[in-house]
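Atoms within a ligand are numbered from 1 in the order they appear, just like the ligands themselves. Model, not experiment: these values are computed from the prediction. Here, residue 1 is the first one in the sequence, and each next residue gets the next number.
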Amino acid sequence: ILVPFVGLVLALWFYSGKEDFKPEMLQGKRVIVTGASTGIGEQMAYHLAHMGSHILITARTEAKLQKVVTRCLELGAASASYMNGSMEDMGFAQDVVKKAEALWGSIDMLILNHVTAMNLSYFHSNTEEMQKLLNVNFLSYVAMTTAALPMLKNSEGSIVVVSSLAGKIGFPFMVPYATAKFALDGFFSSLRQEFVIRNTNISITLCILGLINTDTAMKATSGMFSSFPAAPKEECALEIIKGGALRQREVYYKYSTVKIPVLFRDWVPDLLDYVIRTRFDVEKLKEN
Ligand code: NDP
């Protein structure tokens with residue numbers, strides 16, 4: 001009887017100091033969103049616009065970015081701009097942060113979300129391809145964070161990193177993608193420790209997502225991966241922003257479908273691996 005009681009007291013204590021999310025928290029805030037021409041990033045830009053933030057978005061495709069900026073202004077963004085270019089180039093990653101500084105003088109939130117398009121396939125030991133993917137999906141995150149640190153220190157801002165269940169648990173047929181996502185966890189979880197030691201008041205929120213119904217994800221997994229139904233990108237985008245605004249350590253979306261496998265990872269890893277393998281139609285993959 002003591003165990004549930006202590007659990008309840010601890011839970012009440014833990015949640016008592018928690019602030020509720022209010023859209024005004026983002027009003028007038030200066031936010032960079034990467035990979036915002038489509039998918040979850042695009043939806044984050046619209047939510048932020050609705051909340052009255054200043055927004056700078058990035059991706060490679062200029063025409064799509066222009067459309068997103070126009071929509072953001074219609075929705076009420078305090079300001080909206082874009083910078084197009086490839087995150088393969090670390091110079092571009094740093095220039096995005098410089099542009100934010102030129103526009104606003106500082107930033108309050110850096111949302112790192114972009115990824116290269118992915119096809120499910122066996123790992124072919126192609127080091128060059130792996131290096132390219134790590135540049136885009138990992139190193140550019142480091143480059144932008146490093147460039148933004150002085151401004152984020154002054155504004156006591158937030159870094160929001162969009163990751164995946166494949167960044168907490170081994171998944172087949174996405175080895176390079178998963179490698180980058182695990183690396184993000186290692187980098188940002190370790191950096192968070194140093195922030196605490198040095199009293200640097202910058203929050204880091206790592207977002208662990210399950211399958212989301214973006215066009216890219218639906219195309220990449222179509223017919224080969226059966227999971228729970230894909231969750232809506234609009235709600236997912238809002239949960240990421242809430243987690244960042246509340247300075248949460250991690251966001252799990254959708255909570256039960258993502259958090260439970262992560263808990264099982266340490267208790268019954270072989271069983272969890274087996275269950276994950278059964279979700280893939282390996283025969284279909286061989287045809288590709
Ligand atoms: P999308 O493919 O819809 O969007 C990816 C964005 O990144 C686009 O804006 C794309 O624009 C941009 N991008 C791609 N390559 C580059 C590049 N070389 N340089 C700069 N920008 C680039 O992805 P999602 O919205 O599905 O995913 C968003 C995040 O959520 C990712 O971090 C992903 O790992 C994570 N996630 C998604 C899941 C899902 O099921 N959707 C599941 C788990 C995690 P452009 O092509 O114009 O450059």
Taking only heavy atoms of [X] into account, list the atoms of ligand 1 that are under 4.0 Å away from them.
{"X": "L211", "result": "40 (O)"}
{"X": "V162", "result": "29 (C), 30 (O), 32 (O), 35 (C)"}
{"X": "T216", "result": "1 (P), 2 (O), 3 (O)"}
{"X": "M87", "result": "17 (C), 18 (N), 19 (N), 20 (C)"}

- Query: Does any donor atom in the side chain of S81 or H54 lie under 3.5 Å from an acceptor atom in the other side chain?
  - Reply: no

Is it the case that S158 and S203 place a side-chain donor and acceptor less than 3.5 Å from each other?
yes

For ligand 1, is [X] a contact, meaning one of its heavy atoms is under 4.0 Å away?
{"X": "G85", "answer": "yes"}
{"X": "S86", "answer": "yes"}
{"X": "S163", "answer": "yes"}
{"X": "K181", "answer": "yes"}
{"X": "F92", "answer": "no"}
{"X": "A166", "answer": "no"}

- Message: Parallel, tilted or perpendicular: which one describes the rings of F187 and F138, with boundaries at 30° and 60°?
- Response: perpendicular

Looking only at non-hydrogen atoms, the one of T116, V115, L165, V161 nearest atom 14 (C) of ligand 1 is V115

Tested for side chain to side chain donor-acceptor pair (under 3.5 Å) against Y253, the lone hit among E235, E239, K259 is E235

*asked:* Looking at Y82, is its backbone amide N or carbonyl O close enough to the side chain of K99 to form a donor-acceptor pair, meaning the two atoms are under 3.5 Å apart?
replied: yes

